[in-house]
Amino acid sequence: MPVLNRAGTRRDAMNLFAEIKTLVLETLGAMAAEGVLPEGLDLRNVSVEPPRDPSHGDMATNAAMVLAKPAKMNPRAIADELSARLATDDRIASVEVAGPGFLNLRLAAGQWQRIIPSVIAAGTDFGRSDMGGGEKVNIEFVSANPTGPLHVGHTRGAVFGDALASLLDFAGYDVTREYYINDGGGQVDVLARSVYLRYLEAHGQKVAFPDGTYPGDYLIAVGQALKDRVGDAYVDQPEDVWLQDVRLSSTDALLDLIKADLAALGVTMDHWFSEKSLYGTGRIEDALKALDDKGLIYQGTLEPPKGKLPEDWEAREQTLFRSTAHGDDVDRPVRKSDGAWTYFAPDIAYHYDKIERGYDQLIDVFGADHGGYVKRMKAAVSALSDGKVPLDVKLCQLVKLYKNGEPFKMSKRAGTFVLLRDVVNEVGRDVTRFMMLTRKNDAPLDFDFDKALEQSKDNPVFYVQYAYARVNSVMSKAEIATDDATLAKADLSILTHEAELALVGKIAEWPRLLETAARTHEPHRIAFYLYDLASDFHALWNRGNDAPELRFLQDDAAATAPRLALIRACQLVIGAGLGILGVTPMNEMR
RNA sequence: GCACCCAUAGCUCAGCUGGAUAGAGCGCUGCCCUCCGAAGGCAGAGGCCUCAGGUUCGAAUCCUGAUGGGUGCACCA
């Protein structure tokens with residue numbers, strides 16, 4: 001239950017850092033009110049953080065240093081005054097001024113431990129916050145062309161986007177997962193013709209797959225299905241008889257395939273947006289008119305790219321978007337010289353649609369090979385929303401596959417590219433997801449099939465899952481009640497060993513970590529945190545080898561219960577973190 | 001030629017809105033199972049945070065430039 005101290009701070013221990021920061025800010029406010037500090041100081045840069053070196057105390061604040069300049073005061077003077085006031089709070093054991101003006105805080109005995117019951121009470125909701133304030137965020141990811149099954153590259157984008165979505169949801173945003181279906185362009189004709197060839201094949205004809213068609217086996221079933229549906233009606237008929245119909249049925253079939261692939265990964269989209277729906281409905285025209293109304297559309301001729309002049313380059317007048325007015329390097333064509341839309345035009349209309357649907361924030365997850373489109377897309381969103389809707393584009397770098405330490409060769413030409421299904425079938429959904437998040441999105445990722453399945457600390461998935469399972473193992477051997485309600489009542493003040501406090505402290509970091517991860521749109525931070533948390537847990541476990549008094553199971557209940565409460569809290573945080581990553585915790589490793 | 005991303009231990013990589021003595025895993029050296037799961041843990045060695053300037057009380061972190069690597073560069077999506 002929240003308890004109020006004299007300053008009115010919530011004391012439910014959900015986030016000790018936030019709580020102490022509030023105390024610092026309120027104290028600074030009081031100092032300003034009494035004229036010790038000037039009024040109206042900008043307190044945004046004041047932080048309360050764990051010091052790098054634990055010997056410096058439990059928390060450190062930079063308040064005095066940040067405020068020294070704007071307050072026109074000596075940082076030491078601010079530090080001394082602030083320090084004296086903070087020391088009177090019953091949660092603070094001691095404050096010391098260090099270095100150029102750091103305040104190192106030591107919390108009163110039992111303060112850290114306070115967080116454990118509140119973790120148990122909150123369960124896997126511990127760390128959930130309202131930092132997003134219900135803002136509507138749209139995350140577009142995967143968006144692979146509906147012309148084939150998803151491959152490893154898509155897998156990384158899919159896992160990243162899905163985990164980011166869960167993370168932002170946990171942080172209090174109203175999140176929509178969205179897939180943009182590129183069903184409007186020429187590649188759908190290619191798909192339809194390829195399916196048509198498979199259809200002829202299903203009728204017993206010998207067919208060849210010329211360049212510019214998709215020879216993949218996955219279209220055999222689609223051709224067969226077409227035969228089952230229309231019989232021989234399209235055999236040896238000209239394109240204008242069947243193309244329209246085959247386009248539709250083929251994209252539907254391929255979308256079903258893609259949805260099944262995503263389902264195998266545990267990814268479910270909230271919204272599927274069809275590019276085709278933008279054509280012939282005035283949507284593209286509307287978006288371009290919106291730009292035109294801002295004077296950003298004109299007829300013009302682009303300069304040839306320098307240093308790499310295409311052989312067949314010739315100057316052409318086109319309809320251009322003045323993206324340079326919003327940070328792009330050159331203006332971009334929206335109509336081809338024959339009057340048709342470029343691919344960029346429906347993309348503009350699509351993002352216009354997202355803006356009109358009322359999103360406060362847009363996120364696009366692309367492959368790194370689309371890095372060249374970031375500026376123009378941001379320019380379009382900036383122009384269409386008058387700079388009010390931020391667009392963050394997250395680029396996912398390549399995944400390099402290894403097997404037995406050897407690079408796993410992929411060749412699209414030979415049709416041997418590795419599919420999402422191959423990866424999931426080989427190592428499972430959970431391992432695939434976790435491994436995809438063990439690297440920053442903009443760093444290349446090495447994925448080794450063997451290491452992913454290895455049961456050792458080399459394998460971070462295993463290591464984290466193992467910690468979770470070990471907690472269950474202890475619980476099942478306990479001879480006292482281990483339900484959460486009982487554990488939450490345990491007296492945690494006996495947990496004083498540094499290894500125990502290290503684990504408590506790591507658990508206490510969880511809410512801050514989540515905020516950072518959500519703010520920076522970097523879900524990989526969760527994977528690294530879980531590894532660290534598991535590490536602290538394993539370390540404490542092994543302390544029990546040499547120091548029996550640190551073992552979780554003790555002879556008397558009063559010594560056992562708080563220890564079980566501690567590891568239960570640890571387990572809950574691991575469970576919450578894995579939940580955000582979309583990984584199912586394992587109750588036992590066998 | 002231009003734009004974007006990257007450069008941290010021998011290797012693969014973390015590093016929070018700029019904070020104190022820069023971290024982890026692998027590999028290397030030496031330890032720890034009559035004990036809750038050794039599928040683990042502890043300790044040691046290993047660094048000019050690519051280089052040069054700048055901003056700052058303070059820079060791996062921000063800015064500029066250089067070097068080295070990746071990606072993309074008229075109407076293809």
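Protein chains get the first letters and strands the later ones, always in sequence-line order, with residue 1 at the start of each.
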* Asked: How do A/Ala60 and A/Thr342 order along RNA chain B: which one's closest nucleotide is nearer the 5' end?
  -> A/Ala60
* Asked: For RNA chain B, whose closest nucleotide is more 5', that of A/Arg512 or that of A/Ala534?
  -> A/Arg512
[atom1] atom, [N] versus [M]: distance in rounded Å?
| N | M | atom1 | answer |
| --- | --- | --- | --- |
| B/U56 | B/A3 | P | 28 Å |
| B/U64 | B/A59 | C1' | 15 Å |
| B/C31 | B/C16 | C1' | 35 Å |
| B/C5 | B/A14 | P | 16 Å |
| B/A7 | B/C49 | P | 14 Å |
| B/C6 | B/C13 | C1' | 13 Å |
| B/A9 | B/A60 | C1' | 14 Å |
| B/U50 | B/G15 | P | 15 Å |

Selection from [options] that lies nearest to any side-chain heavy atom of [X]:
| X | options | value |
| --- | --- | --- |
| A/Leu302 | B/G40, B/U17, B/A74 | B/A74 |
| A/Ala539 | B/A38, B/U17, B/G41 | B/G41 |
| A/Tyr531 | B/C16, B/A24, B/G40 | B/A24 |
| A/Asp369 | B/C36, B/U71, B/A24 | B/U71 |
| A/His524 | B/G15, B/A3, B/C75 | B/G15 |
| A/Asn542 | B/G41, B/U71, B/G19 | B/G41 |
| A/Asp442 | B/G25, B/G40, B/C5 | B/C5 |

Who does [N] pair with, Watson-Crick or G-U, both distances under 3.5 Å?
| N | value |
| --- | --- |
| B/G1 | B/C73 |
| B/A66 | B/U50 |
| B/C42 | B/G30 |
| B/C13 | B/G23 |
| B/U61 | none |
| B/C36 | none |

Measure the distance from [atom1] on [X] to [atom2] on [N] and round it to the nearest whole Å.
| X | N | atom1 | atom2 | value |
| --- | --- | --- | --- | --- |
| A/Arg332 | B/A3 | CZ | C1' | 9 Å |
| A/Arg376 | B/C4 | CZ | P | 14 Å |
| A/Lys394 | B/C6 | NZ | P | 10 Å |
| A/Leu514 | B/U17 | CG | P | 14 Å |
| A/Asp446 | B/C26 | CG | P | 17 Å |
| A/Leu530 | B/A14 | CG | C1' | 14 Å |
| A/Met589 | B/A38 | CE | C1' | 15 Å |
| A/Lys440 | B/C13 | NZ | C1' | 9 Å |

Describe the nucleic acid contact of [X] in one word from base, sugar-phosphate, nothing, applying a heavy-atom distance below 4.0 Å.
| X | value |
| --- | --- |
| A/Ser456 | sugar-phosphate |
| A/Phe344 | nothing |
| A/Phe102 | base |
| A/Arg525 | sugar-phosphate |
| A/Leu553 | base |
| A/Ser535 | nothing |
| A/Arg316 | base |
| A/Ala315 | nothing |
| A/Glu275 | sugar-phosphate |

Give a yes or no on this: more than 12 heavy atoms of other residues, nucleotides or ligands lie within 6.0 Å of atom [atom1] of [X].
| X | atom1 | value |
| --- | --- | --- |
| A/Gln299 | CD | yes |
| A/Glu303 | CD | no |
| A/Asp556 | CG | yes |

* Are A/Tyr343 and B/C76 stacked, counting the six-membered base ring, centres under 5.5 Å, planes under 30°? -> no
* Asked: May A/Trp541 be described as stacking on the base of B/G40, applying a 5.5 Å centroid limit and a 30° limit on plane angle?
  -> no
* Asked: Which residue, A/Phe462, A/Tyr463, A/Phe434, forms the ring-ring contact (aromatic ring centres under 6.0 Å, His included) with A/Tyr531?
  -> A/Tyr463
Establish whether the base of [N] is bridged to the side chain of [X] by a donor-acceptor pair shorter than 3.5 Å.
| X | N | answer |
| --- | --- | --- |
| A/Arg439 | B/C13 | no |
| A/Asn545 | B/G41 | no |
| A/Asn104 | B/A20 | yes |

* To do: Could you grab the distance from atom CG of A/Leu401 to atom CG of A/Asp446, nearest 0.5 Å is fine?
  => 9.0 Å
* Asked: Taking side chain as C-beta onward, heavy atoms only, is A/Lys394 less than 4.5 Å from A/Phe366?
  -> no
* To do: Would you check if there is a donor-acceptor pair between the side chains of A/Ser535 and A/Asp532 at a distance under 3.5 Å?
  => no
* Has A/Arg332 got its NZ or CZ under 6.0 Å from the middle of the six-membered ring of A/Phe321, at an angle within 45 degrees of the ring axis? -> no
* Cation over ring face, A/Arg322 and A/Tyr298, 6.0 Å, 45° -> yes
* Between B/C76 and A/Lys336, is there an OP1 or OP2 to side-chain N/O distance shorter than 4.0 Å? -> yes
